[in-house]
Amino acid sequence: MLDLRLIRENPHMVKSAMEKRGLGPDISKIDEIIEADSERRKVLVEVERLKQLRNETGDKIAELKKRKEDASGLIAEMRKISDRIKELDLKVRDIDETLRLLLLEVPNIPHESVPVGADERSNVEVRRWGEAPSFSFKPKPHWEIGEALGILDFKAGAKIASSRFTLLRGAGALLERALINFMLDLHTREHGYTEVFPPILANRDSFIGTGQLPKFEEDMYVCSDDLLLAPTAEVPVTNIHRDEILKESELPIKYTAYTPCFRREAGSYGRDVRGIIRQHQFNKVELVKFAHPDNSFDELESLTRDAEEILQKLGLHYRVVVLSTGDLGFSAAKTYDLEVWLPGAGEFKEISSCSCFTDFQARRANIRFRPEDGGKPRFVHTLNGSGLAIGRTFAAILENFQLDDMRVVIPPVLRPYMGGMTVIEKY
RNA sequence: GGAGGGAUGGCAGAGUGGACUAUUGCGGCGGUCUUGAAAACCGUUGAGCACUGCAAGGUGCUCCCUGGGUUCGAAUCCCAGUCCCUCCGCCA
């Protein structure tokens, strides 16, 4: 959520930010907001004046009653004032609700360092690590390898649930678990993150806090009791501190969490239909930071490097791209995607998305800190990134470390997590 | 699922219709004392919004779990809901 005062005082800047995102048609919302805001303040002035009168007259009535004098004239007068107050209060509430709904649909303002462009074709590569492995044979896609080894069972996943669900078996299930543990260990032991294991169902307030609601409900699995399955640990973990005032000295707060994630993938029919790249349920280790506004973009750099280190330790070739304004997520001010090389597909594929949300989520979720000098509470800046998506890492390992007989060499850093196994053999 | 208890400021915890401008304690901050610190003592310390002012500030309104209601007036009375705790039942 943007600061209403920013919109009021600098509407052109907000409109131009929306244009850069390719949201030209939604610009009229800004004018609606400005109009509702000025109407609200007009009514507010009147109702507050009446309330002052009510409070003062109330004291007079109490005084008269104490002296056992007649107050019926004042009481009759106040009855009318009171009705008028009720009327105006209702009006303010209506405007407030309209304003709130409008504000919740305005996206964050991109950081000045973000390249301007219509879509992902304007994303800019900022660095590249390692080299693509060379093969003496045609590398296969991960789903062929996984099925041949008996560690990926797409038929079973579809039978149990539906398409875009996969059963992992034997060394596959073990590899998944090894990746989770390896990533959590690195982030907690070497990068200073505190491990948490949150609820994976969360309420609507939490989803509004991080920006998935109200705009993107069709992407979510909504359960009975009005709880929703988290599409990313970002939702429950960021909301740990909803409605709290933190100490300045405890910033940045850094959490890492392993959770399953659930996405309906509405509107992605035909994309990544084969394999485990795009699933309704997948595992992810997430990194979340609550940072001081003064250095949040430095924290984005270090968070991104924390995620990159996983790929480096696994020996996977990747590149880092900064998303352009047209590809940037609704809540984000700046995002780096890590894209891993997939030899089977012959392309780079997103494996992590690291974002700084400035105070956009903090405003929605009301997460503040109290400055040490005793000033007013200020909103923190929130950040998060995948560190990493487990399923896509799994796929990258299969494709990058495959042998000509479809066996797969396990990266050395994972071997201790897999009972010393060095190669995945046919199950 | 059944029965009972509860929700008040960073925390603890009083307050049953007008004196609440929400008592008090702890914690925080500032000061006195001290070589320094602790203790003691003194002072100070919630959030949001609006109006006003060049500014420091000033004025007002709202907020005692949420939403309704009663009343001239509600932290306080009534109704509904949410969450937490205790006990019983069921259960991994």
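A, B, ... follow the sequence lines: proteins, then strands. Residue 1 opens every chain. Bear in mind that the values here come from a model prediction, so they are computed numbers and not experimental data. What you see below is based on every heavy atom in this structure, not just the backbone, and it leaves out hydrogens, waters and symmetry mates.
Salt bridge annotation for A:D219-A:R264: absent, with no cationic side-chain nitrogen under 4.0 angstrom from a carboxylate oxygen. Electrostatic pairing of A:E217 and A:R204 counts as a salt bridge here, judged by a charged N lying under 4.0 Å from a carboxylate O. Looking at A:E39 and A:K42, a side-chain N of the basic residue comes within less than 4.0 Å of a carboxylate O on the acidic one, giving a salt bridge. Ion pair A:E339/A:K349 not flagged as a salt bridge, since none of the NZ, NE, NH1 or NH2 atoms sits closer than 4.0 Å to an Asp/Glu carboxylate oxygen. Salt-bridge check for A:D26 with A:R21: failed, with every basic side-chain N at 4.0 Å or more from each acidic carboxylate O. Using a 4.0 Å cut-off between charged side-chain N and carboxylate O, A:E250 and A:K247 make no salt bridge.
Distances shorter than 4.0 Å separate none of the side-chain N or O atoms of A:R54 from OP1 or OP2 on B:rC61. The phosphate of B:rC49 has OP1 or OP2 within less than 4.0 Å of a side-chain N or O from A:R5. For A:N55, a side-chain nitrogen or oxygen approaches OP1 or OP2 of B:rU62 to under 4.0 Å. Remark: A:S82 is in phosphate contact with B:rG73, judged by side-chain N or O atoms under 4.0 Å from OP1 or OP2. For the OP1/OP2 pair of B:rA50 and a distance below 4.0 Å, the side-chain nitrogens and oxygens of A:R8 include at least one atom meeting the criterion.
Along RNA chain B, the nucleotide closest to A:R41 and the one closest to A:D59 are compared, and the more 5′ of them pairs with A:D59. Annotation: of the two residues near RNA chain B, A:L90 and A:E48, the 5′-most nearest-nucleotide partner is A:E48.
Taking atom CD on A:E46 and atom P on B:rC51, their separation rounds to 14 Å, with Å as the unit. Spacing between atom CG of A:D226 and atom P of B:rG81 amounts to 17 Å, rounded to whole angstrom units. Taking atom CG of A:L227 as the reference point, atom P of B:rC83 lies 9 Å away to the nearest angstrom. In this structure, A:E39 places its CD atom 15 Å from P of B:rA50, rounding to the nearest Å. As a whole-Å value, the separation of A:R79 CZ from B:rU71 P is 8 Å. Protein atom CD1 of A:I75 is 12 Å distant from nucleotide atom P of B:rU71, rounded to whole Å. Summarising the geometry, the separation between CG on A:D96 and P on B:rU62 is reported as 15 Å, rounded to the nearest angstrom. Taking atom CG on A:L99 and atom P on B:rG48, their separation rounds to 18 Å, with Å as the unit.
Separating the P atom of B:rG46 from that of B:rU32 is a span of 23 Å, rounded to the nearest Å. Across the P atoms, B:rU71 and B:rC88 are found 45 Å apart, a figure rounded to whole Å. Across B:rC49 and B:rA37, the matching C1' atoms stand 44 Å from one another, rounded to whole Å. B:rG17 sits 25 Å from B:rG5 when the C1' atoms are compared, rounded to a whole Å. If you take atom P in B:rG27 and the same atom in B:rC61, they sit 34 Å apart, rounded to whole Å. Taking atom P in both B:rG25 and B:rC42, the straight-line distance is 10 Å, to the nearest Å. Comparing the P positions of B:rC83 and B:rC91 gives an interatomic distance of 24 Å, to the nearest angstrom. The separation of B:rU70 from B:rC79, taken at their P atoms, amounts to 15 Å, rounded to a whole angstrom.
There is a side-chain donor-acceptor pair under 3.5 Å between A:E56 and A:Q52. For A:N108 and A:T358, the side-chain atoms include at least one donor-acceptor pair closer than 3.5 Å. With 3.5 Å as the limit, one finds a donor-acceptor pair spanning the side chains of A:T166 and A:Q279.
Distances were taken from every side-chain heavy atom of A:I61 (C-beta onward) to each of B:rC61, B:rC51, B:rC72; the shortest belongs to B:rC72. Of all nucleotides listed (B:rA47, B:rU71, B:rA50), B:rU71 comes nearest to the side chain of A:K86. When each of B:rC61, B:rG46, B:rU71 is scored by its nearest atom to the side-chain atoms of A:R370, the top-ranked nucleotide is B:rG46. The side chain of A:R40 lies closest to B:rC49 when the candidates are B:rA47, B:rC49, B:rC72. When distances run from any side-chain atom of A:K376 to the nucleotides B:rG18, B:rA47, B:rU71, the shortest one goes to B:rA47.
For RNA chain B, the stems formed by at least three consecutive Watson-Crick or G-U pairs, with both atom-pair distances below 3.5 Å, span B:1-7 with B:82-88, B:10-12 with B:24-26, B:27-32 with B:40-45, B:46-52 with B:57-63, B:65-69 with B:77-81.
Near RNA chain B, defined here as any heavy-atom distance below 4.0 Å, there are no residues from residues 195-209 of chain A.
For B:rG60, its base never sits under 3.5 Å from the side chain of A:Q52 at any donor and acceptor pair.
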For residues 281-288 of chain A, run the donor-acceptor check on the side chains, cut-off 3.5 Å, and write out each pair with its distance to 0.1 Å, sequence neighbours left out.
from   : atom 1 : to     : atom 2 : distance (Å)
A:N283 : OD1    : A:Y258 : OH     : 2.8
A:N283 : ND2    : A:E176 : OE2    : 2.7
A:K284 : NZ     : A:T232 : OG1    : 2.9
A:K284 : NZ     : A:E286 : OE1    : 2.6

Handout entry: Check against ring pair (Phe, Tyr, Trp, His ring centres under 6.0 Å), A:F357 and A:H381
Key = CA-CA 6 Å; A:F357 301 93; A:H381 283 191; over 10 Å; no
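Aromatic ring centroids of A:H292 and A:F369 lie under 6.0 Å apart.
A:K65 comes within 4.0 angstrom of a nucleotide base, judged by non-hydrogen atoms across all strands.
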